[in-house]
Amino acid sequence: MKRLDSDFVSGGLRCAGWLYIPEGVRRPPVVVMAHGFAAERSFRLPAFAEVFCREGLAVFLFDYRHFGGSEGEPKNLVSPKRQLEDWEAALSHVRSLEEVDGGRVALWGTSFSGGHVLVTAARDHHVSAVVSQVPFVDGLATASLLGLGFTLRAVAHGLADALASLIGRVHHVPVVSDPDEFAVMNTPGSKEGYLSLVPEGSTWQNKCPARTLLSVPLYRPVRHASKIRCPVLVVYAKRDTLIPPGAVEKAASKMRNVKVVGLDVGHFDVYFDPVFSEVVKMESEFLRENLLGKEP
C-alpha cells in the first residue's frame, strides 16, 4: 500500500488528510475515517486503516479543523456542527479523487465520530455502508450517566469559556483526568485508556476549550438513526463508562439494516489487542461485503 497526503477545505480552512491506496487495485472503494472526541488521526486509527487497505480498500483518514495537521484556532475546539461540516467536505473531496471509486464510499467512526457517521449517513443517502464503533449516540443519555454534579460543573466551565471568547480568550478544561479531578472524561479508566492512544512524540495537549461542554449534551445522533438507508455495523462496549450501552442499543433499534455486536469490554479496549484484532476483522468483513460486493 501507499499513503499520500490529501488535504481539503472545510469552512475556509485546510483539513489534513491521508489517502491509503492498496497496491494492484484499480479505483478501489474507499472508507472515510476520523477520530472521536478531541483526538487526532494519528491516535491508533492508522492501525485500522492499514488493515482495511490490505483487504483491498482505499482509506481516507482526516483531522478535523482545529486538530492535528489541520488549520483552525483555538486548538482542540470540539464542535459537533463544525465536525459534521468537515465530514461532508471530506466526502465531497473523496468523491472527486481519481484514485478511488467515489460511488462506493463507506463511513467509519469511533466514539464521538461514531455518532457523526450516523448523522452523515442519514443526510447523504449515497453512502454505501457505515461502521459505528463504541458510538456516542445521545448527549442527554451520557449526561444522565455522568450525573447532575458533573453536568452542573460542565455548564459552569462552558459558560466561563463562552464569556472568555467574547474578549478573544479561551478557558480550557482537561480532556481526560482521574475521577477526583474535573475533565470532559473522568470516569474510571478514561485517563489511562485515552492517553494510551496518543503516540510517542505527539504535540497534542490534554485540554480543550470548555465551550464544547454546552453543545455536547444537546448533540443527539439517535434522532437521525431511522433515516439511514445503508447497512450499518454497530460495535459497542457492554462495560462502557462513558456511553450508556442501552442508549446504543436504542439507537441501533431505529435503523433499518443494522448488525449490532456487543462486546464484554470497556470503551478503550477496542483499540488494542486482543480486542482490536477481533473488532478489525469483523469490520473488514463487513466493509468488504458492502463495498467490494458492489461493482461500480
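Position 1 is the first residue of the sequence, and the numbers go up from there. Values in this document were obtained by computation on a predicted structure and should not be read as measured data.
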#### Entry: Polar contact flag, side-chain donor to acceptor under 3.5 angstrom, Ser10-Tyr64
no

### Task
Would you check if there is a donor-acceptor pair between the side chains of Thr110 and Ser113 at a distance under 3.5 Å?
no

### Remaining members of hydrophobic cluster (4.5 Å side-chain criterion), Val155
Leu159, Leu214

### side-chain contact (heavy atoms from CB on, under 4.5 Å) involving Ala39 - partner list, sequence neighbours excluded
His35, Phe43, Tyr194

### Query
What residues form a side-chain contact (heavy atoms from CB on, under 4.5 Å) with Ser79, not counting sequence neighbours?
Lys81, Arg82

### Message
Would you say the rings of Trp204 and Phe67 are close, in the sense that their centroids are separated by under 6.0 Å?
### Response
no

### Residues which pass salt bridge (Lys or Arg N to Asp or Glu O under 4.0 Å) with Lys281, listed by chain and number, not counting sequence neighbours
Glu285

### Query
Does atom NZ of Lys250 have more than 12 heavy-atom neighbours, drawn from other residues, nucleotides or ligands, at distances under 6.0 Å?
no

### Partner set under ring pair (Phe, Tyr, Trp, His ring centres under 6.0 Å) for Phe112, not counting sequence neighbours
Phe37, His116, Phe136, Tyr219

## Note on the structure
Here the side-chain hydrogen bond (donor to acceptor under 3.5 Å, both in side chains) pairs for residues 155-176, sequence neighbours left out, are His157-His171, Asp161-Arg211

### Any side-chain donor near an acceptor of the partner, His93 and Ser6, under 3.5 Å
yes

Donor-acceptor contacts, no H, no angles, side chain residues 225-237, under 3.5 Å, sequence neighbours left out:
| residue | atom | partner | partner atom | Å |
| --- | --- | --- | --- | --- |
| Arg229 | NE | His125 | ND1 | 3.2 |
| Arg229 | NH1 | His125 | ND1 | 3.4 |
| Tyr236 | OH | Glu249 | OE2 | 2.5 |

### Task
Determine which pairs satisfy salt bridge (Lys or Arg N to Asp or Glu O under 4.0 Å) with at least one residue from residues 122-133, sequence neighbours left out, and list them in order.
Glu88-Arg123, Arg95-Asp124

### Message
My understanding is that a hydrophobic cluster links ILVMFWY residues whose side chain heavy atoms are under 4.5 Å apart, including indirect links. Using that, what else belongs to the cluster containing Leu163?
### Response
Leu166

### Query
Is it true that a side-chain atom of Asn206 and a backbone atom of Val175 form a donor plus acceptor pair closer than 3.5 Å?
yes

### Query
Any side-chain heavy atom of Val248 sitting closer than 4.5 Å to one from Val222?
no

### Task
Any chance you could lay out the side chain to side chain contact (heavy atoms under 4.5 Å, CB included) test for Trp18 and Phe60, step after step, and finish with the verdict?
CA-CA 6 Å; Trp18 288 326; Phe60 183 70; over 6 Å; no

### Message
Give me each pair satisfying salt bridge (Lys or Arg N to Asp or Glu O under 4.0 Å) with a member in residues 53-68, each pair once, sequence neighbours excluded.
### Response
Arg41-Asp63, Glu55-Arg288, Arg65-Glu85, Arg65-Asp86

### Task
Might you confirm whether atom CD of Glu73 has over 12 heavy atoms from other residues, nucleotides or ligands at distances under 6.0 Å?
yes

### Query
Is there a side-chain contact between Gln133 and Val270, using heavy atoms and a 4.5 Å cut-off?
yes

### Task
Report yes or no: does Asn290 contribute a side-chain atom to a donor-acceptor pair with the main-chain N or O of Ala129 at less than 3.5 Å?
no

### Query
Under 3.5 Å, side chain of Arg14 to main-chain N/O of Ser70, donor-acceptor pair present?
no

### Query
With sequence neighbours left out, which residue pairs that include part of residues 264-275 fulfil the salt bridge (Lys or Arg N to Asp or Glu O under 4.0 Å) condition?
Arg239-Asp264

### Query
Any salt bridge (Lys or Arg N to Asp or Glu O under 4.0 Å) pairs touching residues 171-181, not counting sequence neighbours?
Asp178-Lys191

### Query
Tell me, do Thr187 and Leu146 make a side-chain contact under 4.5 Å, heavy atoms counted?
yes

### Task
Would you mind reporting whether Val30 and Val59 have side-chain heavy atoms less than 4.5 Å apart?
no

